[in-house]
Amino acid sequence: MINTNRSKKIVTLFLLIIIGFIIFLSVMFYTAVRDRHLPSKYTSESTKAQRGNIISQDGFHIATTRKLYKATVNTRNIDPNKKELFIQLFSIYSGVPQESIRKKLNSRKGTVVLSYLIDPKSAQYLKTLAFELRRLRVFVEYENSEGRTILHGLNIIESGETREYPYGKVLTPLIGYPRKMEVEGYTRIHGIKGLEKQYEEELNPIQNGSQRAPRDVNGYMILNKKSFTKREIDGLDVKLNIPLTLQVRIERVLKQMRKTLDAQEIIAVVMQSDSGKIISLASSNQFYPKAIRKRDYPSLNTNPIEYSFEPGSVLKPITLSLLLELQRINPYDLVFCHNGRYKLGRKVITDEHKYDWLSAENIIVHSSNIGIAKLAQKLKGFEFHDGLVAFGLTQKSGIDLPYEKKGSIPSMKQLDASIYKATAAYGYGMRANLMQLVKAYNAFNNNGIEVSPRVAEALIDELGTIIPIENDEERLVISTSTAHIMKKILIKTVNEGTGKKTITPGLEIGGKTGTAHIAKGGRYINRYNTSFIGFANDEDHRYTIGVTVFDPKKVYFASQTAVPTFKKIIDTMINEEYLIPKKTHDRHNNNE
Amino acid sequence: MADKRLFIITSFLITIGIVFSYSLSSYIVLHFDYNPYHFLVRQSIFGFIAIVLMWSIAQLDPEVWLHRIGLTLFLGGLGAMIIMPFLPASLVSEVGGASRWIKLFGFSLAPVEFFKVGFVYFLAWSFSRKLGHQSNMTLFGEFKRFAPYAFVFVLVMFLIAIIQKDLGQVVVLAMTLLFMLFLAGSSFKFFLVLISMALLSFVFFIMTAEHRILRIRSWWSQAQDTILTIFPESIASSLRVESFEEPYQIGHSLNAINNGGIFGVGLGNGTFKLGFLSEIHTDFVLAGIAEEFGFLGVILVTLLFMWMIKRIFTVANRAPKSVYFLFSIGVALLLSFAFLINAYGISGLTPVKGISVPFLSYGGSAMLAAAIGVGMVLMISKTLKEEA
């Protein structure tokens, strides 16, 4: 009796318990399958890729990018009792003075930015601090107006990037300058001028990094097979042909000469004759790209390509080479030079020094306007025009810099007129930039072959892979034999004519001076631009070099302005071992 | 011959507990800078000892040893709980103002876990001697007979609820006491009266403190979604209260269960063990299982547990002596209530009570005590009458 009773009770009890279990399982099933708003199981993070660097040929980082971070905190989340602790720790980790942090925290309630200018290293430290502060329970929840409790800690966020120029003014204006632009709260750098502009696309960051991974309660990522990482790829580095060491010294020369001559600006280009590699492109007038002031504005342009001027006598060798190429004359043909005064139509052409008869060669050596004007009459208008164009006038030099000024020459038709032939023959009534002239002269020192000037040598990607920058095809401008004759004439010009000051024992140096009036308001005024364009070679190296001095106020003869500057550049190149004079072989001894 | 199946099922549950002590503690070991195997190694040792202990106890003769072990646990547990408030701090671990553990030879023991088994034995032993169905007994007579137990229970309640601040254990013990009383031969009337009194005092207990009302309200605000789905809309709307913010732990427990769905995210792949549920390896182990093995995993674990309970009930049903019968029932009730209170807590049906799941939750004392309890049932199972 008791046993059956017991069994009944047990079965009842067991059934009750089973019902309990079934309720549990039903609820579990319902919870498992119903829609429920889950907190995000993943967290993602993005890192912005950076703009590439500009690196000199000798490995100096001329322009680099530094990331900036900002630190924000919600003042309502800071436990009032631990505020001082927060201020002290933040100050130690960030280097921001305590007083400034306290001021910012007291400035308003809510989210405040403690600093915008945190460098990457401090940002790393501050992220560690953010974790520690959480552990120290410095942050407390607060309730917002909608009744939600909010708990945020210290946030360290990428705020942008800043362009750094560790060597200051060096390589300006060539390097150009950037501008900041804010996109979605992130400051980006964009090139506005110079190399920064030219290589904008290559320097620009290629791919921002991002990471998505399962997270823990604090939002820390768990990297496992479910996580996804996209690496950030920074912009390419641009490696220049220009070595910093040489550039700095040439810049120094130009600055010093500008002071001595009281000139407005002196610019210079040094190019490897065979390859077109620009190893220096400098101006006496520079600026600091991080802090451009109003008085820097005139210096912002890269005048070797952005300023075109009347070339003057430096054009004479080009005129002569066209005549030689067309075999209208030979170098030893004699020309009567009218003793320094020659009337062509209504215009009178004069020479600085009076000559009666000069060989074609000596017309260059002694820079006779009358001689070259008379010779140029042997060219037809289109021949002269096309010849100048073939030498690169009115054409972009092809250099890898933006905003090049192409200049101008008289039209074919104008050049049919003898007066235009005459003035164009000695470089008046036209405009060219220094780079165009250097490129044209380069043919004389390079067997008649034209090369395109190049500032950048290569692009370098993140893995260090060097991507060479393709150079334009080389082109024969004049025959090799004409080039050789011209080269000899230019050497003679240095040795016997206007370029004597550049004579350097052991080196082969040639070149031509030019002086031109500055035109202002449509009239020539009594101010001048002077140039010296030529070359300097040793056994193994050949360089084409151009110097222009704008508006020297002390003296205006090229031989006292551009020529000594050219000589100083050669001396600098010797010091830096870009040119090595032959010691045993002395030119003067050889000539005797 | 002891009940082999009961032994195997229990051991299997212990094994599942060991696996989850490793998987679910993966964040906690990082957070506290522990060795990655910290919990695994300890739970494995506890599990091994528990199985060996269970097997060894099963070998003993119930005539002699059931009484000795049972009374030792009862008196030892009671004594330990009484002296605990007077022990030096170096011997007592205090967590959140509640002293629940005695530190002994590098281990922390929770006396209440062992006491529960002892308490069940004490009740079985004295009920079997004094109680019995007497149809002529008045309700008052039953009360008089019950008074000594009530006194013991109130003392125990004082020790556990006030000093150890462990209300959940009191609920388990109270329910076990009630049902054992019923099975031992009290009248149904008496049983109902006691249940009503328990409910009333429970309501009184809640109403006397505002924070308890608030807790209940906040519990109801999120439990209502589940519970009211079975009521018709007219009733449901009158019972609905404005939504409170889900309690943090329950919210993430439900997230874990929902995230696991039917099939689970796979062992080791859980998200909500990663710091969201700080007690996942102990009180929220079922939520952890639900996330990683899904609803199917929960069914498996629950069925195993029910099978274990069923085996114990079978032993109880066939036990030759009243004390054996009552003790076995008591152990089954202890295990069932612990499981259910925990299960209802983590699924949001009732407020969370800090009761661990027998054999599955991490923790040595609860596992060893439960293993001793099952071991004693196994010992009893040897005396069963052959099936007729």
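Residue numbering restarts at 1 for every chain, and letters A, B, ... go by the order of the sequence lines.
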Of all of A:Leu25, A:Leu16, A:Ile222, which one pairs up most often with chain B through heavy atoms under 4.5 Å apart? A:Leu25
Nearest 0.5 Å, what's the CZ-CG distance between A:Arg34 and B:Leu254? 6.0 Å
For atom CZ of A:Phe29, decide whether the heavy atoms of other residues, nucleotides or ligands shown that lie under 6.0 angstrom number more than 12. no
Is A:Tyr220 close to B:Leu274 at the side-chain level, that is, under 4.5 Å between some pair of heavy atoms? no
Honestly, the part of B:Ile257 sitting under 4.5 Å from a heavy atom of chain A is both
With only heavy atoms counted, which part of B:Leu333 is less than 4.5 Å from chain A, the side chain, the backbone, both or neither? side chain
With a 4.5 angstrom heavy-atom cut-off, is it the side chain or the backbone of B:Phe272 that approaches chain A, or both, or neither? side chain
Going by side-chain contact (heavy atoms from CB on, under 4.5 Å), name the residues that satisfy it together with A:His152, two or more places apart in sequence or in a different chain. A:Asn77, A:Ile150
Check whether any side-chain heavy atom of A:Ile17 lies under 4.5 Å from a side-chain heavy atom of B:Lys310, and answer yes or no. no
Under the ring-ring contact (aromatic ring centres under 6.0 Å, His included) test, residues paired with B:Tyr324 that sit two or more places apart: none
Which bit of A:Tyr30 is near chain B, if near means a heavy-atom gap under 4.5 Å: side chain, backbone, both or neither? side chain
Counting only heavy atoms closer than 4.5 Å, note whether B:Lys273 contacts chain A via side chain, backbone, both or neither. neither
Please, which pairs that meet salt bridge (Lys or Arg N to Asp or Glu O under 4.0 Å) have at least one residue in residues 325-350 of chain B, sequence neighbours excluded? none
Find the one option among B:Phe325, B:Phe179, B:Phe339, B:Tyr27 whose heavy-atom pairs under 4.5 Å with chain A are most numerous. B:Phe325
Taking atom OH of A:Tyr42 as the centre, does the number of heavy atoms from other residues, nucleotides or ligands within less than 6.0 Å exceed 12? yes
Hey, what do you get for CZ (A:Arg36) to CG (B:Asn255), rounding to the nearest 0.5 Å? 4.0 Å
Taking a cut-off of under 4.5 angstrom between non-hydrogen atoms, the residues of residues 294-302 of chain B near chain A are B:Phe295, B:Val298, B:Ile299, B:Thr302
Under a 4.5 Å heavy-atom cut-off, does chain A meet the side chain of B:Leu277, its backbone, both or neither? neither
Mind checking the CG-NZ spacing from B:Asn269 to A:Lys41? Nearest 0.5 Å is all I need. 10.5 Å
More than 12 foreign heavy atoms under 6.0 Å from NZ of A:Lys109: is that the case here? no
Distance, nearest 0.5 Å, that separates OG of B:Ser336 from CZ of A:Phe14: 8.0 Å
Does the side chain of B:Leu349 reach to within under 4.5 Å of the side chain of A:Phe24, using non-hydrogen atoms? no
To the nearest 0.5 Å, how far apart are CD1 in A:Ile10 and CG in B:Leu183? 7.0 Å
